[in-house]
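Take a look at the structure set out below.
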Amino acid sequence: MLLDCGNGVFAKLREVRDYVDVDAVIVSHLHADHFFDLVPFASALTYAPRWQPVPVDRRSGANVPRPALHVPGGAAAALRQVCAGGGMPADHVERAFALREYEAADALEIGPLRVRFHRVPHFVATHAVEIAGATGRMTFGADHGPSQELADFASGTDLLLLEATLARPEPAGERGHLTPSEAGEHAARADAARLVLTHISDELDLGWARDQAAGAFSGPVEVAAEGAVFEL
Ligand SMILES: [Zn+2]
Ligand SMILES: [Zn+2]
């Protein structure tokens, strides 16, 4: 399962897995940094040499996989616009994936994993995602401003991935992101077992960000890093 597929993700995915082994992709919201690489992913599923009727790497071209793609309501129309605007068939993504639009109240079963959603405050319809398996549960906040509902949704989670986008809160208007300190406050309110800060620029001092979060949350705090592995 791949959770969000923003710019750059498809190349990184290929470093750790063959993309044909992805059964399902879940997208939290329709901001480019969370879905743009559905386009090259769809291109690989559609045009890669291994799917052509010539022998490539022992693959015959048969059995092209069609992973499930779970996207927020309204995303199919948005994806058609993106593909058409990029000079591709409008249904480029829908042809490559079995697309289903979810609602916040939906619950999914994907293999041995159970998936739940919760709306969070952001600039477009955005969903926190909980993934639970036999040995534990992780909660991914996606992008969001301060939210007691997110803390409630994540209550008691084993692994909480929260964004820590901002060096300081947005000065005015609608809140749509958190500071590292606010991420720590949310983890404390959720009584999470551990916190991982995500969606953070490497132009920030990551040690400072970790310390800010740790000042508000007494559990273990890490800053997400490429290739990091967390066991539940
Ligand atoms: Zn966003
Ligand atoms: Zn984002």
Side-chain angles (χ1 to χ4, degrees), residues 1-13 25-41 69-83 85-86 93 99 101-104 115-131 138-151 153-154 159-187 195-206 209-210 212-213 221-228 230:
M1 179 194 297
L2 177 64
L3 181 50
D4 276 348
C5 192
N7 49 297
V9 164
F10 185 62
K12 293 176 182 179
L13 168 69
V25 181
I26 298 174
V27 172
S28 64
H29 68 298
L30 263 282
H31 272 156
D33 55 319
H34 297 256
F35 82 93
F36 252 25
D37 267 17
L38 289 173
V39 177
F41 197 160
L69 173 60
H70 301 280
V71 288
L79 286 167
R80 279 180 218 128
Q81 284 186 313
V82 168
C83 292
V93 169
L99 184 149
E101 295 187 347
Y102 64 79
E103 300 299 329
V115 178
R116 293 196 307 144
F117 302 97
H118 196 85
R119 276 289 289 268
V120 286
H122 194 47
F123 307 112
V124 298
T126 302
H127 303 81
V129 182
E130 175 190 278
I131 300 172
M138 66 160 265
T139 308
F140 169 60
D143 291 1
H144 62 88
S147 167
Q148 180 58 43
E149 284 195 22
L150 182 279
F153 178 65
L159 176 64
L160 182 57
L161 278 69
L162 288 185
E163 69 130 290
T165 309
L166 303 172
R168 62 192 73 80
E170 295 101 333
E174 183 186 354
R175 293 292 313 273
H177 291 291
L178 298 180
T179 66
S181 169
E182 289 172 330
E185 289 166 16
H186 283 68
L195 171 65
V196 175
L197 302 179
T198 67
H199 207 271
I200 187 166
S201 170
D202 63 4
E203 294 177 16
L204 281 174
D205 180 334
L206 300 183
R210 202 207 70 83
Q212 287 279 304
V221 180
E222 289 163 76
V223 178
E226 202 165 315
F230 300 94

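We number each residue from 1, following the sequence as shown. As the structure lists them, so they are numbered: ligands from 1, and atoms in each ligand from 1.
With hydrogens and angles left out, the side-chain atoms of Ser28 and Asp4 include a donor and acceptor closer than 3.5 Å. A side-chain donor from one of Thr165 and Glu163 sits under 3.5 Å from a side-chain acceptor of the other.
The Zn ion (ligand 2) is closest to atom OD2 of Asp33 (considering only N, O or S atoms). Among the heteroatoms counted here (N, O or S) of His199, NE2 is the one nearest to the Zn ion (ligand 2). When you scan the N, O or S atoms of His31 for the one nearest the Zn ion (ligand 1), you land on ND1. The atom name of the N/O/S atom in Asp143 closest to the Zn ion (ligand 2) is OD2. Note on His122: its N/O/S atom closest to the Zn ion (ligand 1) is NE2.
Using cut-offs of 30° and 60° on the angle between ring planes, the pair His29 and His122 is perpendicular.
Aromatic ring centres of His199 and His144: separated by at least 6.0 Å.
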Verdict with reasoning, Leu2 to Val9, per side chain to side chain contact (heavy atoms under 4.5 Å, CB included): CA-CA 10 Å; Leu2 177 64; Val9 164; 4.1 Å; yes
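Backbone or side-chain N, O or S atoms of His29 reach the Zn ion (ligand 1) at under 2.8 Å.
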